[in-house]
Amino acid sequence: MSNEKPLPFAYQFAAGAIAGVSEILVMYPLDVVKTRVQLQTGTGAGADAYTGMVDCFKKIIRNEGFSRLYRGIAAPILMEAPKRATKFAANDEWGKVYRKMFGVDKMNQPLSILTGASAGATESFVVVPFELVKIRLQDKASAGKYTGMIDVVRKTVQNEGVLALYNGLESTMWRHITWNAGYFGCIFQVRQLLPQATDKSSQIRNDLISGAIGGTVGTMINTPMDVVKSRIQNTVKVPGQVPKYNWAWPALFTVAREEGIGALYKGFAPKVLRLGPGGGILLVVFTGVMDFFRAMKYGPEA
């Protein structure tokens with residue numbers, strides 16, 4: 001983010017929305033593939049199973065059609081504005097809180113990690129219902145179960161109760177805390193190591209590099225919790241039965257025990273291919289839009 005004059009929340013909201021939707025439109029098929037692979041239990045044997053990212057892409061397109069790669073996109077697009085606005089705005093606000101709390105004038109590496117983690121926890125409360133809808137639409141087994149986003153919400157509330165829309169809140173918090181801590185912490189560190197930006201093109205280069213590295217590191221840290229979150233949110237709760245995947249850490253150990261440690265990184269390839277470059281796209285677009293808004297409000301020299 002730019003260190004220039006601050007802008008009101010409305011500008012952050014708009015910039016976050018534009019950045020998030022841009023990233024979603026480019027990278028969403030990778031998210032569908034990631035979810036399919038994560039939801040696949042066992043060893044993945046059988047004609048309909050996925051042996052990896054490329055195989056998943058091929059089978060989805062061949063058996064279900066290319067449009068299936070964009071199934072469930074309405075939920076994340078609607079989620080992007082509040083999600084990305086919350087991410088960046090909360091990161092800035094938590095930064096102010098922690099700088100004042102610890103009596104420092106400027107951000108440093110530990111504070112960048114702490115503010116990122118806090119922003120991730122804050123962001124989780126916004127995204128959980130949208131994530132649940134997206135996961136259930138992306139699952140192959142639900143292809144004929146739901147007609148769309150509204151139908152998922154209606155049937156979930158009808159069959160499981162309103163609070164079911166927040167299934168997976170705990171695991172989502174862990175996922176976002178770890179990703180944001182890695183993302184914002186790396187952005188701060190990598191920016192310190194790169195040559196200082198002297199013009200617009202070098203600023204874009206620095207943002208793309210630092211954002212991509214931040215997205216990659218965040219993905220490496222949070223993928224196990226993402227696998228667990230996908231399974232928890234895709235589990236339909238039945239009265240009187242304890243779900244197999246219920247709480248984050250017990251579910252993590254269940255997956256590792258039954259399928260091996262490697263199962264906690266199912267879907268890692270499409271996830272890192274999306275959130276590595278996606279993290280760069282997100283930061284470049286957000287910074288560019290914020291600079292545009294700043295020039296509109298304060299003038300071109302701001």
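Worth saying up front: this structure is predicted, and the values here are computed from it rather than measured.
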Trainee: So, the side chain of T156 versus the backbone of V153: is there a donor-acceptor pair under 3.5 Å, distance only?
Mentor: no
Trainee: Tell me if a side-chain donor or acceptor on K59 pairs with a main-chain N or O of A49 at a distance below 3.5 Å.
Mentor: yes
Trainee: From I281 CD1 over to M27 CE, what is the distance, rounded to the nearest 0.5 angstrom?
Mentor: 4.0 Å
Trainee: Do Q203 and D291 have side-chain heavy atoms sitting under 4.5 Å apart?
Mentor: yes
Trainee: Heavy atoms only: give me the nearest F293-A15 pair and the separation to one decimal.
Mentor: CE1-N, 3.9 Å
Trainee: For residues V255 and Y245, determine if any side-chain heavy atom of one lies less than 4.5 Å from a side-chain heavy atom of the other.
Mentor: yes
Trainee: Can we say R191 and D207 salt-bridge, meaning some charged N sits less than 4.0 Å from an Asp/Glu carboxylate O?
Mentor: yes
Trainee: If you measure only the distance, is there a donor-acceptor pair under 3.5 Å linking the side chains of W174 and S124?
Mentor: no
Trainee: Between Y98 and W94, what is the ring plane arrangement, given parallel below 30°, perpendicular above 60°, and tilted in between?
Mentor: parallel
Trainee: Can you hop from Y50 to F57 via hydrophobic side chains spaced under 4.5 Å?
Mentor: yes
Trainee: Run the side chain to side chain contact (heavy atoms under 4.5 Å, CB included) check on L273 and M53 step by step: do they pass?
Mentor: CA-CA 11 Å; L273 285 174; M53 180 182 69; 3.6 Å; yes
Trainee: Donor-acceptor pair, N91 side chain versus K87 backbone, under 3.5 Å?
Mentor: no
Trainee: F102 and V97: same hydrophobic cluster, using ILVMFWY side-chain contacts below 4.5 Å?
Mentor: yes
Trainee: Without swapping roles, check the side chain of N206 against the backbone of Q196 for a donor-acceptor pair under 3.5 Å.
Mentor: no
Trainee: Would you mind reporting whether M101 and K96 have side-chain heavy atoms less than 4.5 Å apart?
Mentor: no
Trainee: K271 pairs by side chain to side chain donor-acceptor pair (under 3.5 Å) with which of T223, T219, D226?
Mentor: D226
Trainee: Output the distance between atom CE (M220) and atom OH (Y265), rounded to the nearest 0.5 Å.
Mentor: 7.0 Å
Trainee: For E131, is there an ion pair with R175 - N to carboxylate O distance below 4.0 angstrom?
Mentor: yes
Trainee: Just verifying a value: how many Å separate N180 CG and T115 OG1, rounded to the nearest 0.5 Å?
Mentor: 9.0 Å
Trainee: Can you tell me if E160 uses its side chain to pair, donor with acceptor, with the backbone of V236 under 3.5 Å?
Mentor: no
Trainee: Is any NZ, NE, NH1 or NH2 atom of the basic residue among D139 and K145 found under 4.0 Å from an Asp or Glu carboxylate oxygen of the other?
Mentor: no
Trainee: Locate the shortest heavy-atom distance separating M173 from A121; write the atom from each residue and the value.
Mentor: CE-CB, 3.9 Å
Trainee: What distance do T35 atom OG1 and D31 atom CG have between them, rounded to the nearest 0.5 Å?
Mentor: 4.5 Å
Trainee: Has the side chain of N159 got a donor or acceptor atom that lies under 3.5 Å from a matching backbone atom of K155?
Mentor: yes
Trainee: Just do the side chain to side chain contact (heavy atoms under 4.5 Å, CB included) check on L283 and L208 with the steps written out, would you?
Mentor: CA-CA 7 Å; L283 187 60; L208 191 60; over 6 Å; no
Trainee: Got M225 and L252 here, is their nearest side-chain heavy-atom distance under 4.5 Å?
Mentor: yes
Trainee: Ignoring hydrogens and geometry, is there a side-chain-to-backbone donor-acceptor pair from T287 to V284 under 3.5 Å?
Mentor: no
Trainee: So, the side chain of S171 versus the backbone of G168: is there a donor-acceptor pair under 3.5 Å, distance only?
Mentor: yes
Trainee: Quick check on the hydrophobic clustering: are Y28 and V37 connected, directly or via other members, by side-chain heavy-atom contacts under 4.5 Å?
Mentor: yes
Trainee: Which pair of non-hydrogen atoms, one from T172 and one from K229, has the smallest distance, and what is that distance?
Mentor: OG1-CD, 3.3 Å
Trainee: Assign the ring pair W179 / Y183 to parallel, tilted or perpendicular, where the plane angle (0 to 90°) is split at 30° and 60°.
Mentor: parallel
Trainee: Measure from the side-chain N and O atoms of R136 to the backbone N and O of T235, and report whether any donor-acceptor pair falls under 3.5 Å.
Mentor: yes
Trainee: Going by side-chain hydrogen bond (donor to acceptor under 3.5 Å, both in side chains), name the residues that satisfy it together with Q192, two or more places apart in sequence or in a different chain.
Mentor: none
Trainee: Any heavy-atom pair between the side chains of R294 and Y11 that's under 4.5 Å?
Mentor: no
Trainee: Between P243 and I232, is any pair of side-chain heavy atoms under 4.5 Å apart?
Mentor: no
Trainee: Which heavy-atom pair separates V285 from S22 by the least distance, and what is that distance?
Mentor: CG1-OG, 4.2 Å
Trainee: Under 4.5 Å between side-chain heavy atoms, hopping through other hydrophobics if needed: is there a path connecting I209 to V217?
Mentor: yes
Trainee: Please report the closest heavy-atom contact between I77 and V21, naming both atoms and the distance.
Mentor: O-CG2, 4.3 Å
Trainee: Do I187 and I213 touch side chain to side chain, with heavy atoms closer than 4.5 Å?
Mentor: no
Trainee: Does either side chain, that of Q138 or that of K134, offer a donor lying less than 3.5 Å from an acceptor on the other one?
Mentor: no
Trainee: Any chance NZ of K106 has more than 12 other-residue heavy atoms, nucleotides or ligands included, within less than 6.0 Å?
Mentor: no
Trainee: With a 4.0 Å cut-off on N to O distance, would you call D55 and K58 a salt bridge?
Mentor: no
Trainee: CZ/F268 to CG/L275 distance, rounded to the nearest 0.5 angstrom?
Mentor: 10.0 Å
Trainee: Is there a side chain to side chain contact (heavy atoms under 4.5 Å, CB included) between K244 and T254 once you walk through the steps?
Mentor: CA-CA 8 Å; K244 181 178 181 180; T254 297; 4.0 Å; yes
Trainee: In sequence, state the C-alpha distance, the side-chain angles, and the governing distance for E259 and K266, and then conclude on salt bridge (charged side-chain N to carboxylate O under 4.0 Å, His left out).
Mentor: CA-CA 10 Å; E259 303 173 49; K266 282 186 173 182; 2.9 Å; yes
Trainee: Quick one: are F253 and P250 in side-chain contact, heavy atoms under 4.5 Å?
Mentor: no
Trainee: Going by salt bridge (charged side-chain N to carboxylate O under 4.0 Å, His left out), name the pairs with one or both residues in residues 21-30, residues two or more places apart or in two chains.
Mentor: E23-R84, E23-R274
Trainee: Transitively linked via ILVMFWY side-chain contacts under 4.5 Å: L39 with I60?
Mentor: no
Trainee: Over all heavy atoms of both residues, which pair between V228 and A248 is shortest? Give the atoms and the distance, please.
Mentor: CG1-O, 3.6 Å
Trainee: Determine whether more than 12 heavy atoms belonging to other residues, nucleotides or ligands lie under 6.0 Å from atom CG of L193.
Mentor: yes
Trainee: So, the side chain of Y166 versus the backbone of F125: is there a donor-acceptor pair under 3.5 Å, distance only?
Mentor: yes
Trainee: Would you give the length of the straight line joining atom CD1 of I24 to atom OH of Y70, rounded to the nearest 0.5 angstrom?
Mentor: 10.0 Å
Trainee: Go through the steps to decide whether R99 and M107 satisfy the test side chain to side chain contact (heavy atoms under 4.5 Å, CB included), and finish with yes or no.
Mentor: CA-CA 7 Å; R99 285 198 300 273; M107 291 296 292; 3.3 Å; yes
